[in-house]
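Written out below as structure tokens is the structure these notes cover.
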Amino acid sequence: MTSMSRARVARRIAAGAAYGGGGIGLAGAATVGLLMAEVQLARRRLGIGTPHRVPNAAGVYGSTPHTAGEPPLRLVMLGDSTAAGQGVQRAGQTPGALLASGLAAVAERPVELRSVALPGARSDDLDRQVTVTLADPARVPDVCVIMIGANDVTHRMPATRSVRHLAAAVRRLRTAGAEVVVGTCPDLGSIEPVRQPLRWLARRTSRQLAAAQTIGAVEQGGRTVSLGDLLGPEFAQNPRAMFGPDNYHPSADGYATAAMAVLPTVCAALGLWPAAEERPDAARREGFLPVARAAAEAVAEAGTEVAAAAPTAPRGPWALLKRRRRRRVAEAEPEHSAQPT
């Protein structure tokens, strides 16, 4: 599928989400029986359905004598098992802990991490998660990171419905004053045990959803980062090292790779990234595009950021597409343990 075709499909899905349209079919009815058989086989091989145990990474990261007394930045993780960090053994290996540690290093101030992400969650759970996040008006997060979409694809949630829930969540968080970064639906075709034709359909469907998520989130004032095949060539070259024991969730190395891609956008959303990095670099094929075109370009290359640029342009909203340099993050531990939330 060409970039223009992806842009048209993504725009149709996003428009259906915005105006209450029904689901857009992404697979012909004649293939449903075969696909469902393949899904069941893949689920057995992947071990899906094992207990949803994730380490509790809540706490304060980056507190030092130099930063004593400074109020911490507040970071909240929302979404599914990927946002929660399912598949690793230690709290410091979760994406939330890695992002909190990296953000604390860049900001040179402590970061308080909280997670309301739920393994197995689909986009229709975001309303509940946002309500929990905003329950205390005196503790509105500075930035929220949402990772969602894989379960929408595997449970065949209509893409318009999925994007509608995500856009509503971004809108509520932004209205409350939080910056929002969305890690869009990963490329499910990269999961090693998934066979053809499910692999091809999973890749096509998840990329279409990711592009539509980009439009929905950016038009509500959020930023997105394409997680693609979690994330880029590292997974393609060494998937056994990048996926955990169930061959479905990322390993510690996989989460570190994802965090490296998301961290620059989190920092930029808070105004912490170097000013020179905010200007588009033509050599890296960065620039301003209609938001649907930017969304289609982003899903083709993992780690690509899309942010609103001219939301009220006469011929439709435009966005800035950036391919930010990744900043390495190390496994981290909080300064003190926190009670589970």
Side-chain angles (χ1 to χ4, degrees), residues 46-64 67 72-107 109-121 129 132-133 141 143-148 150-151 181 183 186 190-192 225 227 230-232 234-235 238-264 266-267 303 326-341:
L46 294 169
I48 302 302
T50 54
H52 295 157
R53 298 190 182 98
V54 295
N56 177 22
V60 177
Y61 292 76
S63 180
T64 67
T67 61
L73 291 168
R74 297 191 184 105
L75 166 64
V76 176
M77 301 292 295
L78 302 91
D80 56 22
S81 56
T82 303
Q86 185 175 351
V88 295
Q89 301 299 314
R90 296 193 294 274
Q93 297 170 327
T94 63
L98 294 166
L99 287 171
S101 177
L103 177 58
V106 174
R109 61 185 288 191
V111 174
E112 179 184 351
L113 171 67
R114 184 183 181 202
S115 176
V116 297
L118 179 68
Q129 294 185 25
V132 174
T133 299
V143 61
C144 294
V145 175
I146 303 174
M147 296 180 177
I148 200 82
N151 295 315
V181 175
S190 66
I191 299 171
E192 193 176 42
V225 179
L227 295 186
L230 281 182
L231 268 139
E234 294 94 336
F235 278 82
N238 198 3
R240 294 187 183 278
M242 292 294 166
F243 285 102
D246 62 3
N247 290 323
Y248 185 83
H249 294 97
S251 65
D253 287 343
Y255 280 126
T257 301
M260 280 194 295
V262 174
L263 177 60
V266 170
C267 294
R326 301 177 187 178
R327 177 163 296 209
R328 187 161 187 81
V329 292
E331 181 178 335
E333 295 294 344
E335 289 299 312
H336 65 273
S337 59
Q339 294 300 315
T341 55

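- When every heavy atom of P95 is checked against every heavy atom of A83, the shortest pair comes out as CG-O, 3.7 Å.
- The minimum heavy-atom distance linking A121 with Q129 is given by the pair CB-NE2, 3.9 Å.
- To the nearest 0.5 Å, the span separating CG on N56 from CG on L113 amounts to 9.0 Å.
- Rounding to the nearest 0.5 angstrom, the gap separating the CG atom in L73 from the OH atom in Y61 is 14.5 Å.
- Within the 4.5 Å cutoff, side-chain heavy atoms of V262 are placed close to those of L227.
- At a threshold of 4.5 Å between non-hydrogen side-chain atoms, the residues P141 and L75 do not count as touching.
- Of all heavy-atom pairs between T82 and Y255, the closest is O-CE2, 3.4 Å.
- Once rounded to the nearest 0.5 Å, the distance linking CD1 of I146 with CG of D80 reads 11.0 Å.
- Applying the side chain to side chain contact (heavy atoms under 4.5 Å, CB included) criterion to A104, with sequence neighbours excluded, gives V111.
- In terms of heavy atoms, L99 sits closest to A259 at CD2-O, 3.7 Å.
- No side-chain donor-acceptor contact under 3.5 Å links S101 to the backbone of A97.
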- Task: Under the side chain to side chain contact (heavy atoms under 4.5 Å, CB included) rule, what do V76 and V116 come out as? Steps first, then yes or no, please.
- Result: CA-CA 7 Å; V76 176; V116 297; 4.2 Å; yes
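- Here the closest heavy-atom approach between residue E112 and residue P72 is recorded as N-CB, 3.9 Å.
- Distance CG/D253 to CD/Q93: 9.0 Å, rounded to 0.5 Å.
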- Task: Could you walk me through whether V132 and R114 pass the side chain to side chain contact (heavy atoms under 4.5 Å, CB included) test, one step at a time?
- Result: CA-CA 11 Å; V132 174; R114 184 183 181 202; 3.4 Å; yes
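- Taking each heavy atom of L103 and C267 in turn, the nearest pair found is CD1-SG, 4.1 Å.
- Although no hydrogens or angles enter the test, the distance criterion places a donor-acceptor pair under 3.5 Å between the side chain of T94 and the main chain of A91.
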